[in-house]
Amino acid sequence: MYALVDCNNFFVSCERTLDPELDNKPVVVLSNNDGCVVSRSKEAKDLGIPMAAPAFKYKELFKKHDVQCFSAKFELYNFKSQRVIEISKAYVDKTDFEVYSIDELFLDLKSFKYINIYDYCVKIKDEINEQENIPVSIGIAPTKTLCKVANRIVKEFPDKFNGVYILDTSEKIEKALKWLNIGDVWGIGRRLAVKMKDNGVFKAWDLLQKPEMWVRKIMGIQGVRMVNELKGIRQLELDAPSPKKSIAVTRSFMEMLTKKEEVRERVETFGMYCSERLRKQNTCCKMVTVFVQTNRFRKDLPEYRKAMTRILPNPTNSSILIGRVVNELFEAIYKEGFHYKRAGVFVNDFVPEDQRQISLFEEDTQNQHLPVMKAMDAINKKFGKDKVRLGSMSGQNTFGRAKLSPEYEAFLKNNTLPEANFRFH
DNA sequence: TCTGGGGTCCTAGGACCC
DNA sequence: TCTGGGGTCCTAGGACCC
């Protein structure tokens with residue numbers, strides 16, 4: 001069996017560890033720029049605040065019900081995430097876990113044949129709660145997809161299951177799938193949910209009644225795997241941690257930017273963050289993409305969006321070399337006369353730092369840069385982000401963070417934060 | 001006025017090869 | 001002029017996840 005440990009409304013729960021006064025009150029956490037809702041307490045959900053709700057649309061509601069709003073504090077969430085992972089993984093053999101996202105991890109319970117795994121998971125849940133003050137739900141099942149189902153059941157019936165549910169017998173599975181809406185199955189997004197309903201598939205169970213050919217046609221190979229997983233036939237193993245295959249740094253700006261130099265400064269900064277992350281995992285990239293775009297919601301202003309990609313003659317992770325390319329691409333796509341709202345830099349097509357294939361014809365200065373870059377990283381790690389930076393960076397954050405609490409300032413002072421170590425999906 | 005950010009995987013179709 | 005059949009690799013875009 002697998003177990004999925006999932007933190008309940010994680011970002012909000014992290015906020016509550018800083019301020020217990022927030023317990024039992026409606027709380028939301030907002031994205032960068034305080035743009036939209038990314039985490040909601042149960043009380044906030046009950047008020048009808050949807051996920052990803054644009055904050056400005058709900059201002060009145062927030063006020064009326066005294067909803068507590070916070071800007072996202074990723075240093076804090078990463079820190080708490082690490083703690084939850086440390087506690088959970090101590091309950092299984094060395095590699096029998098997979099960190100799935102910042103607030104979820106799978107455990108492989110295969111080595112526990114003679115203990116009651118339900119009780120065991122209750123212990124995990126209780127320890128996380130006692131040590132870290134983070135409430136979690138644990139779903140246990142033979143496949144990852146069914147773990148997700150079990151987890152949803154835990155969250156849906158909190159009084160009934162006390163945080164842990166085990167989905168093991170075929171009777172229980174059938175009952176669960178007849179209850180679960182098709183749109184809530186792991187891997188069914190908005191698009192597929194519509195297609196499913198058009199074809200009379202409303203519950204997860206209905207999907208299992210469809211012929212394999214149909215599933216294959218509508219959903220591709222993923223669909224066939226999904227059906228098997230729902231039947232309890234394992235298709236997905238736990239993944240070992242792996243280096244990233246692409247890295248992106250993108251931001252919406254607090255204000256729309258109309259000056260070329262302001263936008264340039266932003267994308268160059270994004271390029272440098274990409275380079276830092278590349279060095280952190282000891283890889284070089286062979287491709288760099290830059291994009292800029294206007295505010296797509298402002299129908300009264302002319303819209304413009306453009307992206308451009310460059311394939312590099314020599315793979316690199318030097319901030320200077322990547323910055324140079326970013327700048328050239330920026331020059332090629334930037335057009336005067338627009339109000340820019342968002343921009344970003346992507347890097348992909350990675351090779352390990354020590355396995356670079358060098359072009360015969362282009363000069364390669366990566367190795368000259370590397371020692372300086374690594375020194376820069378070391379200094380920044382010791383003394384703080386952006387303490388040493390390129391001359392092209394302003395060193396200022398141009399996104400807003402209105403609502404930092406005093407508790408959080410204290411947290412930043414008193415804690416040494418570990419590096420983030422989880423995969424996004 | 002104000003609408004997030006960072007990832008992965010799969011597929012179809014084009015380019016190219018013999 | 002007409003024109004086959006089989007394969008691989010790459011890429012852009014779609015769909016999904018948290």
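In what follows, every chain begins at residue 1, and chains take the letters A, B, ... in the order their sequences are listed. Everything quoted here is computed from the prediction, not taken from an experiment.
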Side-chain donor or acceptor of A/K172 paired with backbone N/O of A/I166 under 3.5 Å
yes
Just to confirm, is there a sub-4.0 Å distance from OP1 or OP2 of [N] to any side-chain nitrogen or oxygen of [X]?
{"X": "A/K148", "N": "C/dC18", "answer": "yes"}
{"X": "A/N295", "N": "B/dT3", "answer": "yes"}
{"X": "A/T250", "N": "B/dG4", "answer": "no"}
{"X": "A/S252", "N": "B/dG5", "answer": "yes"}
{"X": "A/R296", "N": "B/dG4", "answer": "yes"}
{"X": "A/R298", "N": "B/dT3", "answer": "no"}
{"X": "A/R342", "N": "B/dG5", "answer": "yes"}
{"X": "A/K59", "N": "B/dT1", "answer": "no"}

Scan A/K280, A/K374, A/R279 and name whichever one has a salt bridge (charged side-chain N to carboxylate O under 4.0 Å, His left out) with A/E353.
A/K374
Round to a whole Å and report the spacing from [atom1] of [X] to [atom2] of [N].
{"X": "A/N151", "N": "C/dC18", "atom1": "CG", "atom2": "P", "result": "10 Å"}
{"X": "A/Y77", "N": "B/dG4", "atom1": "OH", "atom2": "P", "result": "17 Å"}
{"X": "A/M51", "N": "B/dG5", "atom1": "CE", "atom2": "P", "result": "14 Å"}
{"X": "A/L30", "N": "B/dG4", "atom1": "CG", "atom2": "P", "result": "12 Å"}
{"X": "A/R40", "N": "B/dG4", "atom1": "CZ", "atom2": "P", "result": "16 Å"}
{"X": "A/N348", "N": "B/dT8", "atom1": "CG", "atom2": "P", "result": "10 Å"}
{"X": "A/L301", "N": "B/dT3", "atom1": "CG", "atom2": "P", "result": "12 Å"}
{"X": "A/R216", "N": "B/dC10", "atom1": "CZ", "atom2": "P", "result": "11 Å"}

Go nucleotide by nucleotide along DNA chain B from the 5' end; which of A/V249 and A/Q222 gets its closest nucleotide reached first?
A/V249
On DNA chain B, nearest-nucleotide positions of A/P54 versus A/R277: which is more 5'?
A/P54
Does atom [atom1] of [X] have more than 12 heavy-atom neighbours from other groups under 6.0 Å away?
{"X": "A/M51", "atom1": "CE", "result": "yes"}
{"X": "A/K59", "atom1": "NZ", "result": "no"}
{"X": "A/E336", "atom1": "CD", "result": "yes"}

Please list, chain by chain and in numerical order, all residues satisfying side-chain hydrogen bond (donor to acceptor under 3.5 Å, both in side chains) with A/R40, sequence neighbours excluded.
none
For A/V185, which contact category applies under a 4.0 Å heavy-atom criterion: base, sugar-phosphate, or nothing?
sugar-phosphate
Using 0.5 Å steps for rounding, measure from the CD atom of A/E132 to the OG atom of A/S13.
12.0 Å
Would you say A/Y165 and A/F157 make side-chain contact, with heavy atoms under 4.5 Å?
no
Contact list (N/O, under 3.5 angstrom) for nucleotides 11-15 of chain C vs protein:
residue: C/dA15; atom: OP2; partner: A/R191; partner atom: NH1; Å: 2.6

Check A/E229, A/Q235, A/E98 against A/K144 for a side-chain hydrogen bond (donor to acceptor under 3.5 Å, both in side chains) and give me the one that passes.
A/E98
What stems show up for DNA chain C when you take Watson-Crick pairs (N1-N3 plus N6-O4 or O6-N4) and G-U wobbles (N1-O2, O6-N3), both under 3.5 Å, and require three or more consecutive pairs?
B:5-18 with C:5-18
If you check the A/F297 side chain, which of B/dG5, B/dC10, B/dT3 turns out closest?
B/dT3
Out of B/dC2, B/dG5, B/dT3, which has the shortest distance to the side chain of A/R251?
B/dG5
Under 6.0 Å between ring centres: does that hold for A/F202 and A/W179?
no
Less than 6.0 angstrom separating the ring centers of A/F270 and A/Y273, yes or no?
no
B/dC17 to C/dG4 separation - C1' atoms, rounded to the nearest Å
14 Å
